[in-house]
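Beneath this line is the structure, given in structure tokens, with notes to follow.
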2 protein chains.
Amino acid sequence: MSSIRARDREETKQLLIDAVGAVIEADGFGSVGVNKVAKAAGVDKALIYRYFGGFAQLLQAYGDQTDFWWTVEDILGDDLPDALPNAGGDNLAAWLSLIFERHVEFLRNHPVTLEIIAWEMSERNELTIALEYVREQRSLDLMKQLLARFGQTDRLDMVHFGPVMALLGAAGNYLAARGRHVQNFNGLDLKSDRGWQQLFHAVETMLLGLVQEKS
Amino acid sequence: MSSIRARDREETKQLLIDAVGAVIEADGFGSVGVNKVAKAAGVDKALIYRYFGGFAQLLQAYGDQTDFWWTVEDILGDDLPDALPNAGGDNLAAWLSLIFERHVEFLRNHPVTLEIIAWEMSERNELTIALEYVREQRSLDLMKQLLARFGQTDRLDMVHFGPVMALLGAAGNYLAARGRHVQNFNGLDLKSDRGWQQLFHAVETMLLGLVQEKS
DNA sequence: TTGACTAGTCACCGTATGGAGACTTATAAG
DNA sequence: CTTATAAGTCTCCATACGGTGACTAGTCAA
């Protein structure tokens, strides 16, 4: 029981920062607060104010230390688009399908990110605005890279490229976040890999059809 | 200033019930509580306990009085599927596209429903479970009706029907809820009708392609 | 050994919450 | 006119929140 930690400011700061993530993952973003975080860190809440200046700055520090969102490299992998010669014509559709899959897998492996997505639906403040700005930029980055490779040559009607990305991103976010607590959505099983495979398959088929539709 | 309402139990109950909706619409579901609702109703909060037994029952009464979700008739309109002779073959794709559009329009015209959708992302209790049960049933109802008309004749691969419905429903919910407070998502403008038209158009094209993809 | 510095503790404040009991007052029956 | 019932008001309570100031106690240099 002699949990007498040595007095160490930096270690205590890190304990607090880590506690933020732990509380979010355990109880969601909505119930994160100065009392709960301090208790989770095993530290007095007064230190939050002394070391960080306030709870908002602690959250800020947590955000700065954590990557909540994929980078373009995460999504495109080592096989950058130009590694695949742009021959087939439906390459972009295949890529979009793969991107959707990786997007969803990223979310399913990052519970804190799912909490943030859920939280952003009901709350809007400096922190959520900053986080959603990062995501929007990453998404636009990804789209720009895809357009640079496929924009002139692919048969997909580029008028639909943006809306389709939005549709897939929105559906992925919603279903992944919902799958945290709910089993089914519109008959789809969000808690089984099989349900997600069905979704991936349907998306792939739709995208291939979209390409061939190009007038 | 003599706002001396006559003493009327039923009227007061209704005032409270209506205040629930008003508070939700104004401040969101997360900040709904006994104090705020009573103040909005211009009534003492003790009456909530006397007339309803508790705040949960007041919410229950509000839920029973309000239709948060479309019915199959709302979505299919008077033109039931069998009113259109099943000639073209891509009728189902056209219907799905129309359904998506009506789904989104319903949401955009029902702010309280959007608040509930957002709220369900972070909270899960008896009330949210009851509400999402209703929606799931309505969605399955809709799908069953569509399958009954098109299941045997349409060229759409029925393996993909369920997942596609889930994808469209999820994207509609997410984008509509997000559009309450945020302007853009993946470059799509959620606050202008033009942005939504782009989305509808892209969805229509995708669905048509899906039909023609049937192997 | 002493004294300064600072990491960590503790008690407290103001506010808002959900909730209950005691009270006042309007109304309608006898 | 009297009186019981019920509508509506008021005060209070326990709890939890974010936040602050005073205090205790290790640590390290002189």
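Reminder, nothing fancy here: chain letters follow the sequence lines and each chain counts from 1. All heavy atoms count here, side chains included; hydrogens, waters and symmetry mates do not.
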d(OH, Tyr51(B); C1', dA6(D)) in whole Å: 8 Å
All ring pair (Phe, Tyr, Trp, His ring centres under 6.0 Å) counterparts of Trp196(B), not counting sequence neighbours: none
Nucleic acid footprint by protein, nucleotides 12-22 of chain C - heavy-atom cut-off 4.0 Å, B for base, S for sugar-phosphate alone: -----SBBSBB
Whole-Å gap separating P (dA16(D)) and CG (Asp27(A)): 14 Å
For His181(A), all residues meeting ring pair (Phe, Tyr, Trp, His ring centres under 6.0 Å), sequence neighbours excluded: none
Separation of dG19(D) C1' from Lys39(A) NZ (nearest whole Å): 17 Å
Spacing of Gln57(A) atom CD relative to dG19(D) atom P, expressed in whole Å: 9 Å
dA7(D) phosphate, OP1 or OP2, under 4.0 Å from Thr12(B) side-chain N/O: no
Distance in angstrom units between Leu47(A) CG and dC10(C) P, rounded: 12 Å
Between Phe161(A) and Phe150(A), ring centroids under 6.0 Å: no
Spacing between Asp8(B) atom CG and dG8(D) atom P, to the nearest angstrom: 7 Å
Whole angstrom value for the distance that separates P of dT9(D) from CD1 of Ile48(B): 13 Å
Summary of salt bridge (Lys or Arg N to Asp or Glu O under 4.0 Å) pairs that have at least one residue in residues 32-46 of chain B, sequence neighbours excluded: Asp27(B)-Lys36(B)
Distance-only donor-acceptor test, Arg9(A) side-chain atoms vs dT6(C) base atoms, 3.5 Å: no
Spacing between Lys13(A) atom NZ and dG8(C) atom P, to the nearest angstrom: 12 Å
Partner set under salt bridge (Lys or Arg N to Asp or Glu O under 4.0 Å) for Asp193(A), not counting sequence neighbours: Arg108(A)
Salt bridge (Lys or Arg N to Asp or Glu O under 4.0 Å) contacts in which one or both residues fall within residues 136-147 of chain A, not counting sequence neighbours: none
